[in-house]
Structures are given as C-alpha cells and as structure tokens.
Amino acid sequence: MFFFTRYPSSTLLKTYFPDVQFNRCITSQLIKWFSNFREFYYIQMEKFARQAILEEVTDSKHLMVSRDSELFRALNMHYNKGNDFEVPDRFLEVASMTLREFFSAVRAGKDSDPSWKKPIYKIISKLDSDIPDVFKSSRCLQELLQS
C-alpha cells in the first residue's frame, strides 16, 4: 500500500484490511507502521539529496528515481523484499518529486531551520494515489502473485 499512499487515514486502512478486527490499539499500530514507513522513505530521500549535492549536481531536473536507480533498490528492498508487487510508475514519479524537493531545500540552506521538512511533507501528502481494489481482498497476495 505504501507505493500508493504514504498518508492513509484510519478509514482507508479499515477498508483495505477487511480481515482485521479493528480497535483503537490496532488502528494506532497500523498508523504507527505507516509513520515508520514514511520515516524510512524521507531518510532515504534526504540521504540521496545530500549525496547529489556532494556530487555537485546543480539542477534538480537531473534527479529522477528509476527502476534501476540505487534509491529505488533501497526503497523496494525495504517495502517489497520479495518483489511480490509491481511498483507502480506513479510511485517513481512521487519519489522523484520528493527527491527534488529535498535537494532544493538542502541546496537552499533551508535545513538549518528545525522544521524545514514540514513544507515537503505537505507537498508529498497530497500526491497519494488510488489503491487498486485487489488490495481490499483478504487473498490479495495470492491474487497479485497469480497475475
């Protein structure tokens, strides 16, 4: 799901996990997992943005996340260890935008402000896309592996 949405609401989570009996604790735990997923994502983005600056990249337009990039491999290995899911192209677009936002902010020296990442989070939170209906099924993994 993280490839489609980085900021799921509790209602969205309940829709896509029909076999889970939700209570406050379980809902809180799922939201915490997504928070941890986002944290890893943003840590990687900042790391690769800073690396690009060290490599003297001067224009954020040159920063793209492709299926053969090191950044994609790190993210895919973290979220999709078994390579069970085809990562949607939209995720690559969002990851590229995120990387460029981090690069531009660091390059402009905005990282000296303790809350410098908040504007980036606001941009990225609006880029979530629809989750395919197949994820609503309790047999999701089996269905995805067959297709």
Side-chain angles (χ1 to χ4, degrees), residues 1-53 60-108 110-147:
M1 277 181 72
F2 190 80
F3 290 128
F4 299 94
T5 181
R6 269 93 16 227
Y7 293 88
S9 66
S10 59
T11 304
L12 185 70
L13 290 171
K14 290 174 185 175
T15 302
Y16 285 91
F17 291 97
D19 52 341
V20 174
Q21 275 203 300
F22 281 87
N23 59 34
R24 196 171 15 172
C25 181
I26 290 172
T27 303
S28 176
Q29 185 61 52
L30 278 173
I31 289 171
K32 183 178 178 184
W33 283 340
F34 269 87
S35 177
N36 290 339
F37 293 162
R38 280 192 308 273
E39 185 178 355
F40 178 82
Y41 176 79
Y42 288 129
I43 286 169
Q44 294 303 306
M45 292 299 164
E46 181 178 353
K47 173 184 161 187
F48 279 84
R50 290 184 185 283
Q51 182 179 324
I53 290 168
S60 66
K61 289 187 279 185
H62 299 295
L63 299 174
M64 298 207 33
V65 179
S66 64
R67 292 181 190 280
D68 61 346
S69 68
E70 185 181 339
L71 176 53
F72 174 78
R73 281 192 287 280
L75 295 171
N76 192 47
M77 185 61 145
H78 188 76
Y79 302 120
N80 190 21
K81 284 185 173 108
N83 247 357
D84 297 320
F85 303 102
E86 175 70 26
V87 177
D89 290 336
R90 177 69 180 149
F91 178 77
L92 297 173
E93 294 169 22
V94 172
S96 294
M97 286 198 231
T98 308
L99 180 59
R100 287 191 289 269
E101 290 292 331
F102 268 86
F103 174 85
S104 297
V106 171
R107 192 156 184 264
K110 293 180 181 176
D111 58 332
S112 61
D113 179 349
S115 60
W116 70 278
K117 295 177 186 175
K118 286 183 182 179
I120 298 171
Y121 299 162
K122 285 182 182 180
I123 292 167
I124 302 310
S125 70
K126 295 175 184 167
L127 300 176
D128 284 356
S129 54
D130 293 335
I131 301 168
D133 285 339
V134 69
F135 282 92
K136 288 181 184 175
S137 167
S138 60
R139 295 182 26 86
C140 172
L141 187 57
Q142 294 85 1
E143 291 176 27
L144 287 170
L145 291 174
Q146 290 173 355
S147 58

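Everything numeric here is computed off the predicted structure, so don't read it as measured data. All values below come from the heavy atoms of this structure, side chains included, with hydrogens, waters and symmetry mates left out. Heads up: numbering here begins at 1 and tracks the sequence.
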Applying salt bridge (charged side-chain N to carboxylate O under 4.0 Å, His left out) as the test, list every pair that has at least one member in residues 111-123; sequence neighbours left out. Glu46-Lys117, Arg50-Asp111
Ignoring hydrogens, what is the shortest heavy-atom contact between [X] and [Y]? Give both atom names and the distance.
X     : Y     : result
Arg67 : Pro88 : NH2-C, 3.9 Å
Leu92 : Phe72 : CD2-CD1, 3.4 Å
Tyr41 : Val94 : OH-O, 3.6 Å

For this output row, return yes or no: ring centroids of Phe102 and Phe48 closer than 6.0 angstrom. no
Walk me through whether Arg90 and Leu127 qualify under side chain to side chain contact (heavy atoms under 4.5 Å, CB included). CA-CA 9 Å; Arg90 177 69 180 149; Leu127 300 176; 3.6 Å; yes
Taking only distance into account, with no hydrogens and no angle test, what donor-acceptor pairs under 3.5 Å do side-chain atoms of residues 21-38 form with protein atoms, sequence neighbours excluded?
residue: Asn23; atom: OD1; partner: Cys25; partner atom: N; Å: 2.9
residue: Asn23; atom: OD1; partner: Ile26; partner atom: N; Å: 2.8
residue: Thr27; atom: OG1; partner: Asn23; partner atom: O; Å: 3.0
residue: Arg38; atom: NH1; partner: Arg6; partner atom: O; Å: 2.8

Assign the ring pair Phe3 / Tyr79 to parallel, tilted or perpendicular, where the plane angle (0 to 90°) is split at 30° and 60°.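 Phe3 and Tyr79: perpendicular rings.
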Is there a donor-acceptor pair closer than 3.5 Å between any side-chain N or O of Ser69 and the backbone N or O of Ser66? yes
Checking the side chain of Asp89 only, and the main-chain atoms of Glu93 only, is there a donor and an acceptor separated by less than 3.5 Å?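 Flag not set: sc Asp89 to bb Glu93 has no pair under 3.5 Å.
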What residues, two or more places apart in sequence or in another chain, satisfy side-chain hydrogen bond (donor to acceptor under 3.5 Å, both in side chains) together with Arg73?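 Arg73: no side-chain hydrogen bond (donor to acceptor under 3.5 Å, both in side chains) contacts found.
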Return the CD1 to CZ distance between Ile131 and Phe4, rounded to the nearest 0.5 Å.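 Those atoms lie 7.5 Å apart.
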